[in-house]
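Values in this document were obtained by computation on a predicted structure and should not be read as measured data. Just so it is clear: chains get the letters A, B, ... in the order the sequence lines come, proteins before strands, and each one is counted from 1.
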There are 2 protein chains.
Amino acid sequence: MTEAPFTYQADAFKVAIDCIVFGFDQNELKLLLIHRNFEPAQGNWSLMGGFLSINESLSDGAKRILYQLTGLQDIYLEQVYVFGDVDRDPVERVLSVCFYALIKIEDYDEALGNSHDAHWFPVQQRPELIFDHEQMIEAALSRLRRRAGYQPIGFELLPEKFTMMQLLNLYEAIYEREFDVGNFSKKILSLGILVKTNEKLRGESKKGSYLYSFDQASYDNVKEKGFRIIG
Amino acid sequence: MTEAPFTYQADAFKVAIDCIVFGFDQNELKLLLIHRNFEPAQGNWSLMGGFLSINESLSDGAKRILYQLTGLQDIYLEQVYVFGDVDRDPVERVLSVCFYALIKIEDYDEALGNSHDAHWFPVQQRPELIFDHEQMIEAALSRLRRRAGYQPIGFELLPEKFTMMQLLNLYEAIYEREFDVGNFSKKILSLGILVKTNEKLRGESKKGSYLYSFDQASYDNVKEKGFRIIG
DNA sequence: TCAAAAGTGTTAGTGTTACACCCATGA
DNA sequence: TCATGGGTGTAACACTAACACTTTTGA
């Protein structure tokens, strides 16, 4: 008779992963939410989530779930918080590890999203959500704001080439306040992470504004060292 | 025949809680670690931890574990991160939710600590730790540093009455750098959260330095609004 | 009276904020 | 040519960092 391997004596928990997916479009910060076509809380809005499998790490789980919803890989992802109140899920005890993701909305696979009944909502006009998902969004937003203040993280949400005005609008959307155009671009340019191209984007204005891309090396450098955009 | 209640189909995980306990003593930032007298990794140093029970929330679990180790209740506690690599625990799959706690070392129940074979280590002279506990400490430290920069959190580590120099030393210990005495006290006093008493503490110097306590109302206010101590 | 640490004051320099003004272009 | 949004320049102000100087008291 073989001895069974030692295991800890402890309660076991089902562990969910919920993803707050941020995108930026039409000068608005948006959230990807799904309309649940399954119980519990069928017909309500919720974050995209799923259960963690025994053979994957937390970030692998989050990546898998995001891939299912958006078709994207190599997404910027950050763990935010674990929600673990005893009654947070009405069905049974479930812990939820909450991540936020930043995606370029243009790359998002709309057909795939539709198949999950997913919709983009402007952050300020989000619907009521199930369970503690509202708290999760609050937590993710405050984390995003803090992060964007000292790392050039906002760029994850913009296309490869973007105008200074788009970047400004993004920061205005994230912080829900206005920034002075001159001061903002001075600040950003002084970081030395942007490369100005000769192209101009017309449309928003008659004059058109220059497109920038960023210098990956300085970008990584600044990301590491940190800076301060808002005070 | 009664229908069984609906449950989710999902893998189950054992969930540990690990606590990084910070204290401040002799002008050093210290960590409370335990010398394990049980397997696995018996005889090595580790953080104080335990398993989450099915009927308690994460923060209740952390409080319980801290109470077991220190005899203290109403401790400042903050969730840091969940560690969930598949192989992080050699025995079996365990997720660990990591908290840090700030305690006043004078209030700590030494006898109780001794019964767990717990010891205080200066942060810079901590021993090698089991599993991913070193990473946990790194994460907690960087969280603590960030926090202490915009909330008056450091006070949780000092006794009721303390000198400006002790506060300065605490910040120097947290950030592992020196601060200018004049600039530091100007900055702190300008927050308006300190009340100067008439008492002086001798010992460190011949002149002695004034004891301060803090004004709870302004303290809470500033804590909410935030500020910036280091830049 | 001197050394050591507490505590105050001064100043140069840097960064932030507010706002005025110029530029390019489609209508 | 004018209205519009892009983009630049500048001056006032606030905050920071560095350091000199004064105070108190035990040895």
Side-chain angles (χ1 to χ4, degrees), chain A residues 26-28 145 148-150 152 158-159 161-173 175-213 222 225-231, chain B residues 26-28 148-150 152 158-159 161-173 175-214 222 225-231:
Chain A
Q26 321 268 162
N27 289 346
E28 285 185 310
R145 286 189 188 121
Y150 62 84
L158 291 171
K161 291 178 181 177
F162 50 89
T163 68
M164 186 59 81
M165 290 301 122
Q166 287 175 317
L167 185 58
L168 178 110
N169 287 326
L170 171 59
Y171 269 84
E172 292 189 333
Y175 289 102
E176 294 177 31
R177 52 165 282 207
E178 300 203 331
F179 292 94
D180 181 276
V181 196
N183 297 336
F184 183 83
S185 56
K186 234 179 300 170
K187 184 84 194 204
I188 297 288
L189 291 173
S190 76
L191 297 173
I193 59 181
L194 291 192
V195 182
K196 191 175 193 165
T197 68
N198 286 320
E199 302 165 65
K200 275 202 171 195
L201 184 73
R202 295 264 147 57
E204 294 283 305
S205 81
K206 289 153 189 175
K207 190 180 173 187
S209 51
Y210 285 106
L211 287 167
Y212 290 85
S213 63
V222 168
K225 289 195 310 185
F227 62 92
R228 184 138 293 278
I229 281 196
I230 57 131
Chain B
Q26 320 269 162
N27 290 345
E28 286 185 310
Y150 63 85
L158 292 171
K161 291 176 181 176
F162 51 89
T163 67
M164 186 59 81
M165 291 301 122
Q166 287 174 318
L167 185 57
L168 178 112
N169 288 326
L170 172 58
Y171 269 84
E172 291 188 335
Y175 290 101
E176 294 177 31
R177 51 165 282 208
E178 300 204 331
F179 292 92
D180 180 275
V181 196
N183 298 334
F184 183 83
S185 56
K186 235 178 297 172
K187 183 84 194 205
I188 297 287
L189 290 174
S190 76
L191 297 173
I193 59 181
L194 290 191
V195 181
K196 192 176 194 166
T197 68
N198 286 319
E199 301 165 67
K200 275 201 169 194
L201 185 72
R202 294 267 147 56
E204 295 284 305
S205 80
K206 289 153 189 174
K207 191 179 173 188
S209 52
Y210 285 106
L211 286 167
Y212 290 84
S213 63
F214 52 80
V222 169
K225 287 195 310 186
F227 61 94
R228 184 139 291 279
I229 281 195
I230 57 130

Query raised in the report: Taking OH from B:Y210 and P from D:dT23, how many angstroms apart are they, rounded to a whole number?
Result: 13 Å
**Report entry** Rounded interatomic separation in angstrom, taking CG from A:D180 and C1' from C:dA20
**Finding:** 11 Å
Report summary line: Taken to the nearest whole Å, CG/A:N183 to C1'/D:dT10 is 11 Å
Query raised in the report: Any donor-acceptor pair under 3.5 Å joining the side chain of B:K207 to the base of D:dT23?
Result: yes
Query raised in the report: Start at the 5' end of DNA chain C and walk down; is the nucleotide closest to B:K196 or to A:G208 reached first?
Result: B:K196
Query raised in the report: To the nearest 0.5 Å, how far apart are CG in A:L201 and OG1 in A:T163?
Result: 6.5 Å
Query raised in the report: Choosing from C:dA5, D:dT16, D:dG7, which nucleotide comes nearest the side chain of B:S205?
Result: C:dA5
Report summary line: Rounded to whole Å, CE of B:M165 lies from P of D:dT24 at a distance of 16 Å
**Report entry** Nucleotide C:dC23, atom C1' - distance to CE of A:M164 in whole Å
**Finding:** 17 Å
Query raised in the report: Relative to the 5' end of DNA chain D, which residue comes earlier, A:K186 or A:K200, by the nucleotide with the nearest heavy atom?
Result: A:K200
Requested in this report: May I ask you to check whether A:Y171 and A:F184 place their ring centers less than 6.0 Å from one another?
Outcome: yes
Query raised in the report: How long is the line joining CZ of B:R202 and C1' of C:dA4, in whole Å?
Result: 14 Å
**Report entry** Given A:K161, A:K196, A:M164, A:E199, the one that forms side-chain contact (heavy atoms from CB on, under 4.5 Å) with A:Y210
**Finding:** A:K196
Query raised in the report: Over how many whole Å does the gap from B:N169 atom CG to C:dA6 atom C1' extend?
Result: 12 Å
Report summary line: To the nearest 0.5 Å, atom CG of A:N169 lies from atom CZ of A:F179 at 11.0 Å
Query - Rounded distance (Å) that lies between atom C1' of C:dA6 and atom CD1 of B:I188 - result: 16 Å
